[in-house]
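All remarks here apply to the structure that follows.
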Amino acid sequence: MLAALLLCAPGAPVGDAQTESVAGDTSGEEEEVVVAPDLLSESINWKQILDATSRHIKEFEDEFAQNVKYNFLDNYKTSSIPAGWPSASLSKEACLQRLANGLHTYMVLFKHVEREYPSSLILSEVRYHSGILLNLTKEKMRHPERVSVLNSNQEEQLLRELNNPDTFHRKMMAHSILRQLRFFLLDGRVAVKRREVANISIAPISFYYQILKKQKE
């Protein structure tokens, strides 16, 4: 019983959007409702991007009739791809800033993908949810003004670096961008969630005994 109450405690991580504090209470009194923490790492938009980039694996191998495997894209990387999450010592704010900076860069990189695959449904889905995730991330930051945004000249320079007279090379770079986005967000989700959960406070244990006592009265 105590374990069940722990899951319903204010500030404790819970899976559902809201949970009844006392199950089966038919006393007629208004039931207490606990709302789950609003975790960015649990955002539906984050999940939608990961789902779309997961489908991208099959789409890539189908396009090249299984003659080119997905890990072949390791040969196509660029310095403009956002950095990963190398340090466990990053604060929550630093993680959010890295996420926002990375998403801003990917929004520019998507232009190269669109140039090679203008009808890509996966790109449309990824770009849409990336834009929402970017805004959600900024809302969570204490200093969203510190997020780096490329100006028009920097965007043009970045896209020029990706351009290549060889069609196959350009297509590989486009696929590599979507692949690297998946890795960036998979690792980023772990990093952000770890810091979000660490900030959730747990109420004193006496709180739960008070609830148990109230149930027995």
Side-chain angles (χ1 to χ4, degrees), residues 45-46 48-87 90 93-139 141 143-189 191-192:
N45 304 100
W46 206 319
Q48 291 289 352
I49 300 170
L50 293 178
D51 287 348
T53 52
S54 178
R55 298 196 307 272
H56 171 248
I57 300 173
K58 183 178 186 304
E59 183 179 85
F60 171 83
E61 295 186 344
D62 286 348
E63 178 182 349
F64 297 98
Q66 302 291 329
N67 293 322
V68 181
K69 297 301 181 182
Y70 199 58
N71 59 10
F72 180 73
L73 293 174
D74 281 337
N75 299 311
Y76 293 87
K77 294 181 180 179
T78 174
S79 59
S80 58
I81 293 293
W85 312 83
S87 176
L90 288 176
E93 179 74 4
C95 275
L96 294 177
Q97 184 171 342
R98 179 169 296 219
L99 175 61
N101 287 340
L103 287 172
H104 264 300
T105 301
Y106 273 109
M107 294 299 285
V108 177
L109 293 171
F110 292 156
K111 295 179 181 181
H112 176 80
V113 182
E114 182 179 30
R115 187 163 55 197
E116 298 304 314
Y117 295 94
S119 301
S120 172
L121 295 179
I122 287 179
L123 171 62
S124 297
E125 184 175 349
V126 164
R127 181 160 51 188
Y128 172 76
H129 289 289
S130 293
I132 297 177
L133 181 59
L134 173 57
N135 290 331
L136 291 175
T137 302
K138 289 182 176 180
E139 290 174 3
M141 294 179 63
H143 300 286
E145 71 279 0
R146 296 179 182 175
V147 174
S148 300
V149 180
L150 300 179
N151 59 40
S152 58
N153 290 334
Q154 291 171 322
E155 287 190 14
E156 291 175 7
Q157 176 62 30
L158 187 156
L159 294 173
R160 277 198 301 270
E161 292 174 359
L162 299 176
N163 202 7
N164 191 288
D166 183 75
T167 301
F168 181 78
H169 180 94
R170 293 197 309 272
K171 289 183 177 296
M172 290 298 103
M173 284 304 307
H175 284 295
S176 180
I177 288 168
L178 294 178
R179 182 173 186 254
Q180 293 302 317
L181 171 68
R182 176 172 177 79
F183 294 155
F184 177 74
L185 290 181
L186 279 172
D187 293 342
R189 192 180 191 190
V192 171

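None of the values given here were measured: they were computed from a predicted structure. The chain is numbered in sequence order, starting from 1.
No option in L185, I81, L134 other than I81 meets the side chain to side chain contact (heavy atoms under 4.5 Å, CB included) test with Y106.
Residue R182 holds its CZ atom at 11.5 Å from CD1 of I49, rounded to the nearest 0.5 Å. In this structure, K138 NZ and H104 NE2 are separated by 3.0 Å, a value rounded to the nearest 0.5 Å. Between atom CE of residue M107 and atom CG of residue L109 there is a gap of 11.0 Å, rounded to the nearest 0.5 Å. The CD atom of Q97 sits 11.0 Å away from atom CG of L99, with the distance rounded to the nearest 0.5 Å. One finds the CG atom of D74 at 7.5 Å from the CD atom of Q180 (value rounded to the nearest 0.5 Å). Rounding to the nearest 0.5 Å gives a distance of 4.5 Å between CE of M141 and CD of E93.
The side-chain heavy atoms of L158 and T78, taken from C-beta on, include no pair separated by under 4.5 Å. Counting only heavy atoms from C-beta outward, the side chains of H169 and M173 approach each other to under 4.5 Å. Looking at N101 and R146, their side chains never come closer than 4.5 Å, going by heavy atoms from C-beta outward.
Among all heavy-atom pairs drawn from L73 and M172, the shortest one is CD2-O, 3.5 Å. Between H112 and I177, the shortest heavy-atom contact is CD2-CD1, 4.0 Å. S80 and T105 get closest at one heavy-atom pair: O-CG2, 3.4 Å.
A side-chain donor-acceptor contact under 3.5 Å links S176 to the backbone of Y76. No side-chain donor-acceptor contact under 3.5 Å links E155 to the backbone of V108. Side chain of N164 to backbone of R170: no donor-acceptor contact under 3.5 angstrom is found. Proximity of a side-chain donor or acceptor of N75 to a complementary backbone N or O of F72 within less than 3.5 Å is detected. Looking at E63, its side chain never comes within 3.5 Å of a backbone N or O of F60 through a donor-acceptor pair. Within the 3.5 Å criterion, the main-chain N or O of L133 finds a donor-acceptor partner in the side chain of T137.
Using a 4.0 Å cut-off between charged nitrogen and carboxylate oxygen, E114 and R127 count as a salt-bridge pair.
For an aromatic pair to be called close, the ring centres must be under 6.0 Å apart, and H175 with Y117 satisfies this.
Residue-environment remark: OH (Y128) stays at or below the threshold of 12 foreign heavy atoms within 6.0 Å.
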